[in-house]
Amino acid sequence: MELNERQREAVLLAPGPALVLAGAGSGKTRVLTSRIAHLLEDGLYPGQILAVTFTNKAARAMRERLAAMLDMDLRGLWMGTFHGIAHRLLRMHHELVDLPEQFVVLDADDSQRLVRRAVRELQLDDKHWPARQVAGRISRWKDSGLGPQELAGERSVPPQLLEIYQRYELLRERAGALDFADLLLYALRLWNDAPLLAQYQERFQQVLVDEFQDTNAVQYQWLRRLAEGHQNLFVVGDDDQSIYAWRGAEVENLFRFQRDFPGARLIRLEQNYRSTAPILAAANAVIAQNHDRLGKTLWTERSEGAPVQLYRAYNEEDEARFVVGRIEQWVAAGGKREDCAILYRSNAQSRPFEEHLLRAGVPYRVYGGLRFFERAEVKDVLAYLRLVLQRHDDAAFERVVNVPARGIGAVTLERLRSLARERGISLWQAAGEMAQPKLNAFLTLIDRLAEACTHQELDEQVRLVLEQVPLRDWHARDGDRGEGRLENLEELINAARSFALQDGSEGLRELSPVPGDILSEFLTHAALEAGEGGAEAWEDAVQLMSLHSAKGLEFAQVFLVGLEEGLFPHQRSLEDPAGLAEERRLCYVGMTRAMQQLVLCHAESRRLHGAERLALASRFLRELPAEEIEELRPRARISRPLAPALSASSGGRSDCPYPLGGRIRHPVFGEGTVLDYEGGGRQGRVQIQFSSGSKWLALGIVSLERLS
DNA sequence: ATAGCACATATCTTT
DNA sequence: TATGTGCTAT
């Protein structure tokens with residue numbers, strides 16, 4: 001595809017620092033990929049390029065695009081997330097930062113458990129110090145580069161919290177483990193080794209960064225030091241799409257960059273190629289309500305396009321029914337399911353859509369939520385493997401010492417913990433010293449397992465765990481609930497096999513020269529990339545995902561749902577102007593995902609956490625320009641289905657000849673949109689929204705022309 | 001020590 | 001809603 005003038009300029013820019021402010025849909029990824037291709041064609045070796053993306057998905061996509069553009073061996077080209085790259089470096093140079101060779105990576109859940117343990121060890125009330133929140137604060141401090149020492153003098157930090165932080169660090173270090181934030185911190189520490197830094201500065205002649213507005217303080221420092229020699233740092237970002245401040249991202253890095261790299265070239269990409277004019281106008285109007293923007297207005301050459309539609313649903317069921325109806329209509333007209341995306345603020349909102357899609361027999365795929373490697377039964381098996389690798393991994397030890405139940409209860413465990421605490425040793429060591437039969441049996445089990453696992457294929461190692469540890473029986477006793485877990489255990493074997501195959505053949509491994517055990521690779525993979533792609537990944541399916549995970553993607557049809565005060569914008573940001581601005585950017589991100597048709601939905605009433613609540617339309621809807629919006633009026637009949645059975649029977653709406661949301665033409669009233677329908681056959685009636693208002697029409701009498 | 005049950009509680013986004 | 005925690009009976 002041709003590049004426009006600005007894009008071309010960015011791609012061909014001479015070496016040196018450069019900042020590309022790239023609006024949504026302005027061809028950002030294309031510029032980045034083209035520049036890499038250009039550098040390679042210009043004679044740079046793949047090994048001299050480092051490209052950093054924000055998600056694993058984005059890294060994969062870019063690699064694929066690059067491979068398609070160039071007929072070239074890309075081995076040696078480093079492309080990945082900050083976390084992934086940091087991990088790779090740490091595997092290679094662990095000794096420089098006093099890490100054990102087999103260090104493990106803690107995911108968010110592991111970190112929380114460790115916090116809980118720290119709280120208990122300090123004899124603090126874990127009600128008063130909820131692990132989830134404390135872990136969140138610690139992680140944010142770490143993202144800004146603040147260790148316990150730096151916080152010591154801070155009056156705003158309660159002393160207990162500081163103590164918890166310190167204890168957490170102690171436990172974590174003893175376990176030879178790194179949390180997500182540590183990966184970045186330790187990677188930054190690597191740069192304190194001058195020869196090593198010089199080596200990488202020499203090696204990576206060109207550093208390119210995607211989604212730069214989402215970098216945090218530590219990531220920025222890491223980049224700055226890496227590039228401070230040759231200054232060949234090419235960053236691409238959009239302040240309007242900064243949606244990760246809650247995770248420590250600092251948009252200010254865009255300004256810092258210009259300050260720290262004087263003479264940096266600035267290029268703005270403002271021409272949008274993705275969306276129709278109405279979609280763009282609507283999105284621009286919303287984001288214009290934010291202040292302190294770098295200033296940038298997207299425009300498009302396209303003038304055509306359907307208006308943005310707004311559907312006001314009675315409740316979340318109605319919302320789901322409407323959206324699924326529209327999707328069925330799209331598919332019936334020959335559209336692909338995968339071109340339809342349902343985007344919501346929080347993952348919990350997926351359920352009514354899943355139910356309606358299921359009922360309608362429409363394949364769908366949900367991204368996010370509880371992912372494969374985050375499931376308890378899967379994490380248990382992984383914990384056994386972690387112990388095999390690293391006996392001092394206390395988190396893993398605690399997780400499975402009594403799973404399945406083997407008579408090691410709270411009392412024994414408490415004794416273990418205090419012994420470990422007193423002597424400053426790991427739980428594994430403490431268990432060895434206790435010389436208690438049941439504990440010994442557990443230690444022996446792990447040792448035997450480790451022995452059996454040596455020199456085995458990865459999937460064989462997983463199989464060995466399931467063979468030597470009666471986890472299957474344990475879950476099988478759990479009846480219905482256990483069945484799914486059993487399936488997940490079998491799936492884990494498959495996951496291990498395909499990971500090993502991919503890793504050994506052509507995939508990651510050759511491209512990323514990581515030394516060390518495939519097992520530890522796999523465990524890191526499980527923590528870093530919680531596992532998306534299921535077997536049905538290639539099936540044509542409707543896509544359901546949170547707004548956050550939609551960033552960087554595009555779809556012909558976007559249904560942005562749940563636009564209600566308290567839900568979106570989220571309750572917790574209502575009070576806080578900065579939080580509200582971020583919610584608005586999130587809305588902007590969501591709207592700009594749409595290429596052809598954007599449908600916005602909100603419900604008047606919503607069941608949330610089990611309780612029914614009235615919901616006000618989101619303030620973002622009031623910010624829309626009326627002339628771009630086609631409002632679908634609320635239905636006249638207001639009734640919540642009394643029972644699931646009832647809604648199921650009325651859910652079989654295939655007997656209505658006009659799909660909900662579809663366009664029709666009436667001989668007198670003209671064009672309209674099908675809003676609702678009740679009754680069956682010729683007795684049924686259908687509600688149509690005409691420009692003059694909405695009307696109920698008897699199916700037996702009128703004849704309506706269907707428009708595609 | 002463990003299973004089962006009642007009760008409380010916090011509701012989001014992700015590497 | 002759904003998850004987790006604490007209590008009680010076994």
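Each chain gets a letter, A, B and so on, in the order the sequences are listed, and its residues count up from 1.
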message: For dT13(B) and N347(A) - does any side-chain N or O of the residue sit under 4.0 Å from the phosphate oxygens OP1/OP2?
response: yes
message: I need the CE-P distance between M545(A) and dT14(B), as an integer number of Å.
response: 11 Å
Pairs under 3.5 angstrom, nitrogen or oxygen only, protein versus nucleotides 6-10 of chain C, please.
none

- prompt: If you pin L586(A) and G407(A) to their nearest nucleotides in DNA chain B, which one's is more 5'?
  reply: G407(A)
field: Test salt bridge (Lys or Arg N to Asp or Glu O under 4.0 Å) applied to R619(A) - qualifying residues, sequence neighbours left out
entry: E565(A)
- line: ring-ring contact (aromatic ring centres under 6.0 Å, His included) filter on Y186(A), not counting sequence neighbours, yields none
- request: Respond yes when some side-chain nitrogen or oxygen of S549(A) is under 4.0 Å from OP1 or OP2 of dT14(B), and no when none is.
  value: yes
query: Taking atom C1' in both dC12(B) and dT5(C), what distance in whole Å separates the two?
result: 23 Å
query: Mind checking what makes ring-ring contact (aromatic ring centres under 6.0 Å, His included) contact with Y165(A), not counting sequence neighbours?
result: W141(A)
- prompt: Hey, does F82(A) reach any base, or is it just sugar-phosphate, or nothing, if we go heavy atoms under 4.0 Å?
  reply: nothing
task: Could you please name the option among dT13(B), dT15(B), dA3(B) that lies closest to any side-chain atom of S546(A)?
output: dT13(B)
message: Distance check needed: dT13(B) C1' versus F54(A) CZ, whole Å only.
response: 10 Å
- prompt: Is W246(A) stacked on the base of dT13(B), meaning ring centres closer than 5.5 Å and planes within 30 degrees of each other?
  reply: yes
message: If I take atom CZ in residue R117(A) and atom C1' in nucleotide dT5(C), what distance separates them, rounded to the nearest angstrom?
response: 19 Å
task: Please state whether the phosphate of dT14(B), meaning OP1 or OP2, lies under 4.0 angstrom from any side-chain nitrogen or oxygen of T55(A).
output: no
Donor-acceptor contact present, side-chain R116(A) to main-chain A131(A), <3.5 Å: no
task: Go through the side-chain N and O atoms of N290(A) and Y588(A) and say whether any donor and acceptor fall under 3.5 Å apart.
output: no
query: If we ignore angles and hydrogens, is there a donor and acceptor under 3.5 Å between the side chains of E211(A) and Q213(A)?
result: yes
- request: Take atom CG of N216(A) and atom P of dT14(B), then tell me their distance rounded to the nearest Å.
  value: 17 Å
message: Looking at D110(A) and R113(A), is any side-chain nitrogen of the basic one under 4.0 Å from a carboxylate oxygen of the acidic one?
response: no
Sugar-phosphate only, base, or nothing, as touched by R572(A) at under 4.0 Å among non-hydrogen atoms: base
field: Proximity to the side chain of T81(A) - top-ranked nucleotide from dT15(B), dT13(B), dT2(B)
entry: dT15(B)
query: Distance check: side-chain N/O of N56(A) vs OP1/OP2 of dT14(B), anything under 4.0 Å?
result: no
Length of the OH-P vector between Y244(A) and dC12(B), whole Å: 16 Å
task: Tell me whether the OP1 or OP2 atom of dA2(C) has a side-chain N or O from R351(A) closer than 4.0 Å.
output: yes
field: Any residue meeting ring-ring contact (aromatic ring centres under 6.0 Å, His included) with F522(A), in chain and number order, not counting sequence neighbours
entry: F373(A), F499(A)
task: Scan N402(A) against the nucleic acid and name what it touches under 4.0 Å (heavy atoms): base, sugar-phosphate only, or nothing.
output: sugar-phosphate
statement: From CZ of R406(A) across to P of dA3(B) the rounded distance in Å is 13 Å
- prompt: Among the nucleotides dT2(B), dT14(B), dA1(B), which one has an atom lying closest to any side-chain atom of T412(A)?
  reply: dA1(B)
query: In whole angstrom, what separates R140(A)'s CZ from dT13(B)'s P?
result: 16 Å
message: Without decimals, in angstroms, what is the distance between K551(A) NZ and dT14(B) C1'?
response: 11 Å
- request: Name the residue closer to the 5' end of DNA chain B, choosing between F180(A) and K438(A) according to the nucleotide with the nearest heavy atom.
  value: K438(A)
statement: Contacts of N402(A) meeting side chain to side chain contact (heavy atoms under 4.5 Å, CB included) (sequence neighbours excluded), chain-then-number -> A405(A), R406(A), I408(A)
message: Students often get this wrong, so: under 4.0 angstrom with heavy atoms, is S573(A) touching a base, only sugar-phosphate, or nothing?
response: nothing
message: If stacking means aromatic ring centre less than 5.5 angstrom from the base's six-membered ring centre, planes under 30°, is H570(A) stacked on dC12(B)?
response: yes
